[in-house]
Amino acid sequence: MSEENRDAVPDPLAKGGGSGQGPLTPGGDAADTPPEAIRAIPVRHYGRWAGAALVVVLLGMLVLAFANADIQWSVVGRYLNHETIVMGAVNTLWITLLSMLLGVTLGTVLAMMRLSGNPVLSAVAYGYIWFFRGTPVLVQLFLWFNLALIFPVLNLGFYSEDMNTVITPFVAALLGLGLNEAAYMAEISRAGIQSVDRGQTEAAQALGMSGNRTMRRIVLPQAMRVIIPPTGNEFINMLKTSSLAYAIQYNELFLAGRNISSRTLAVMEMLVVVSIWYLALTTIFSVGQYYLERHYARGSDHTPPPTPLQRVARQLTSFRTRPTLPEPATATAADGGTRHDGDGTNGSGDGTGRRGDSER
Amino acid sequence: MSDATTEAHGAPDGATGTGPAGGNGGLMVKAERVHKSFGLVQVLNGIDLEVRNGEVFCLVGPSGSGKSTFLRCINHLEKINAGRLYVDGQLVGYRQKGDKLYEMKEREVAFQRRDIGMVFQRFNLFPHMTALENVMEAPVQVKGLPKSEARRRAEEMLERVGLSDRMKNYPAQLSGGQQQRVAIARALAMEPKLMLFDEPTSALDPELVGEVLDVMRGLAEEGMTMIVVTHEMGFAREVGDSLVFMDAGVVVESGHPREVLSNPQHERTQAFLSKVL
C-alpha cells in the first residue's frame, strides 16, 4: 500500500507547484476519477494456520487408523444395497413421513387449541403436551406396543377387534413416534402463529375476512417462515429417532442391520452400512429443507442468499474478474425506498468481498 | 354534535329502536353515548357524534385521548361497553330484537366490515404477497370475484394511487409512502362506503407524507365518506368538512375545521393546538 501511495503522491506534487492544493487531494486533481482502491496487506493469522495444520495431521491419523482397522470394507460394500437393508431404509422413510404427518397435523390442532379462548381446550392441549414431552419416546413406544395387556379388546361400539391384531409393530411405532412428535410440533406451531404481528389479523378482519380464512391465507403462510426451520430439524431428528422402533420389532433400517449382523457376525460392518444410509437420508432432506425455507422467505426484508450452486457459479466468474474490487458501499445500501430486488449485483459483491478476505 | 354527556354510564334505554330515524337519513355514522374501557381503564367516556354521507371527518386530540380506539370501534375491531354505534343505519356488531341485544356471529361481523375500509398507521400490508396480490386478496377471498376480474380492478386501484410500476414488488421493497398507498388501494378494492384512516401518515418520513395525503385528498374530492384520525392539521383545515377534538375519552369541541383550528373555544383545545400548530 505504502509503496503504491508513494508512487501516486509525487504526481500531484509535481503539478501542485501550480495549484498549491495538490497535497490536500491525493487522488490527483481529476475530481471525477475515484481514489485508488485500497490494497492492504491482510492480517496474518498464525494461530489459525497452526490449528489447521494440527487438524490435518489428526485427520490423517484417523484415516490411517481406519485403513488398518480390522473391518472388512468389502462386506460394507456388499451389504450397502442388500435387499434387507434397502427394505429397512424404505420402512424408515415411510414411518418417518407418516409420523411427521401425524405430528404436524395433530400438533397444529393442539396449537390452535392452546391459543383458543376456551379454557377446557387450552388446558387439555397443555396436558397433552405435558405428558408426551415429559416421558421418553422409548417408553411411549412400549406403552402402545403393550396396550393389549390392559385393553385386550378394542371396542369402538360399531367396530370391535382383538387389540393384538390392531397394534402391529407398525401401528405402535406410528402412534408412539407420531403422538410424541405432535407435542413438539404443537409448541413449534404455536410459536410460529404467535410470531405473526397482530396487525396482520386486524388488517385481514378489517377487509371482511373470516377467522378461518385469515388463519389460512394470512397468518399461517407467515408463520411458516418461523415454523419450517425447526420442523425440518424435527424431520431429520425423526429419521434417526425412528431407529428406536427396532425395540418393538418394527422392521426399519437399524433392525435390518442388526438382523444381518446377528447372522453374519459383521457387527461393525453393518453399523457402518446403516450409518451411511442414515447420512444419505438426512443429507437429502437437509437440502430439501434449505430450498423450502427459501420459498417461505419470499417477501422478507432481506433478499435470500444465493444457493450453493449459484455461489459456485459466481465464484468461478469472480475468479475471472478478480482485479475489480467491489465497492463496499453498494453492499450496505439497504434503504427501504431505493432498494431493488436485484440480488444479482448486490449478492455477488457481498460474497466475493467476504470470501476474498478469508482466503488471503 | 353536542358536548359529551359524561355522567351516563349505563346503556341508553331500549326505546332507541332501530336507531337514527329509519334508514340512514344522510348519516353514515352515528355514535350515541359510546363507552369503552380496557379493564379498569375508561378509554371512551360517552362519545356522541354524527358523520354525514360524503363528509371528511377529522378526529384530533392528544395521544391516549381515545380517538384511535373510537375509530376501531366503528368496524368492531373493539367492542363497545355501553351506548350505541350505527354505521349506515345499522347497529355495529349487534342485532337488536325488542330490547335485547344479540352479539353477531363472526361471519356477520365480517360481512359488515366489507363495506368499511380501514387504513392503519403501520400499513399492515401482507408481507408474503406482492402489492398486486395484497390488493387482489380480499376481492377474491371475501367477495368471490374471479381472479382475472380482481386483477384488472387491482391494477386499476394501484394505478389510481400512482403505483402501476410497483405491482410486482413485495411490501419490504417499497418505501413507507408507497406501502401506505398500496394499503389504501387494498381498502378501496372492496368498494367501501366508508373509509377509516388511523393516523395514516404518522409512521412516515416527513418527505413521504405528501404523497399519501394527495391520494386521500383525491378520494375526498370523489365524495368518499372518510373518518381520519390525524395530526396533520394542514390536511384537516384544507380537506376536512368537520373536526372533532377529543381528550380523555370525550368530545371536547367540534365544528368546521377552519373554525376550530383558528378559533378554539375550549381551553384544552387551545392548549393542544398551541403545541402542534
Side-chain angles (χ1 to χ4, degrees), chain A residues 112 115-118 192-193 195-228 292-305 333-347, chain B residues 71-72 74-78 105-131 133-135 137-143 166 168-179 183 186-190 192 195-196 198 205 207-208:
Chain A
M112 304 255 191
L115 293 174
S116 81
N118 189 308
I193 290 169
S195 76
V196 178
D197 181 24
R198 174 107 191 86
Q200 292 290 309
T201 314
E202 285 182 354
Q205 285 178 340
L207 287 166
M209 288 172 84
S210 68
N212 277 338
R213 211 180 283 273
T214 303
M215 187 52 91
R216 220 179 52 239
R217 297 281 311 171
I218 307 300
V219 177
L220 281 182
Q222 294 182 57
M224 280 303 171
R225 235 170 70 200
V226 178
I227 293 175
I228 292 281
L292 199 63
E293 277 176 31
R294 282 176 67 89
H295 172 76
Y296 278 104
R298 72 188 189 281
S300 71
D301 286 347
H302 54 88
T303 51
D335 184 273
T338 52
R339 180 152 38 89
H340 297 289
D341 43 343
D343 97 70
T345 51
N346 256 359
Chain B
L71 198 72
R72 291 159 60 82
I74 295 174
N75 65 355
H76 211 52
L77 284 179
E78 305 287 354
K105 288 196 185 114
E106 192 204 321
R107 207 158 33 83
E108 298 168 281
V109 176
F111 192 81
Q112 277 193 333
R113 286 181 181 138
R114 282 178 172 206
D115 297 333
I116 307 172
M118 184 155 189
V119 174
F120 297 85
Q121 181 180 355
R122 305 225 43 103
F123 328 136
N124 294 353
L125 288 180
F126 306 134
H128 58 304
M129 300 181 185
T130 62
E133 287 166 345
N134 261 283
V135 182
E137 180 66 10
V140 171
Q141 294 293 326
V142 178
K143 279 193 171 167
R166 287 270 182 265
K168 294 282 189 304
N169 286 66
Y170 286 100
Q173 297 163 338
L174 300 173
S175 74
Q178 290 169 337
Q179 287 190 54
R186 178 175 71 174
L188 289 178
M190 288 298 281
M195 283 284 281
L196 310 175
D198 188 3
D205 289 340
E207 82 268 24
L208 301 178

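Values in this document were obtained by computation on a predicted structure and should not be read as measured data. All chains are named by letter (A, B, ...) in the order of the sequence lines, taking the proteins before the strands, and each is independently numbered beginning at 1. The basis for the numbers below is simple: all heavy atoms, side chains too, and nothing from hydrogens, waters or symmetry mates.
Of the possible polar contacts, none joining the B:His128 side chain to the A:Arg225 backbone as a donor-acceptor pair under 3.5 Å is found. No side-chain donor-acceptor contact under 3.5 Å links A:Gln222 to the backbone of B:Pro127. Judged by distance alone, the side chain of B:Asn124 and the main-chain N or O of A:Gly199 form a donor-acceptor pair under 3.5 Å.
Residue contact with chain A, scored on non-hydrogen atoms closer than 4.5 Å, involves the backbone of B:Leu125 exclusively. Proximity to chain A is limited to the side chain of B:Ala138, based on heavy atoms less than 4.5 angstrom apart. Looking at A:Arg213, the atoms closer than 4.5 Å to chain B (heavy atoms on both sides) all sit in the side chain, from C-beta outward.
Ranked by heavy-atom pairs under 4.5 Å with chain B, the list A:Asn212, A:Asp197, A:Val196, A:Leu207 is led by A:Leu207. Here B:Glu137 is the residue among B:Met190, B:Arg114, B:Glu137, B:Met118 with the most heavy-atom pairs under 4.5 Å with chain A.
Closest of all the heavy-atom pairs between B:Val142 and A:Gly208 is CG1-O, 3.6 Å. Considering every non-hydrogen atom in both B:Met129 and A:Ile218, the closest pair reads CE-CD1, 3.9 Å. Scanning all heavy atoms of the two residues, the minimum distance from B:Phe126 to A:Ala203 falls at CE2-CB, 4.1 Å.
We find the CD-OG distance between B:Gln141 and A:Ser210 to be 9.0 Å, quoted to the nearest 0.5 Å.
Between A:Gln205 and B:Glu106, the closest side-chain pair of non-hydrogen atoms is not below 4.5 Å.
Under the side-chain contact (heavy atoms from CB on, under 4.5 Å) criterion, A:Glu202 pairs with A:Arg198, B:Arg72, B:Leu77, B:Phe120, not counting sequence neighbours.
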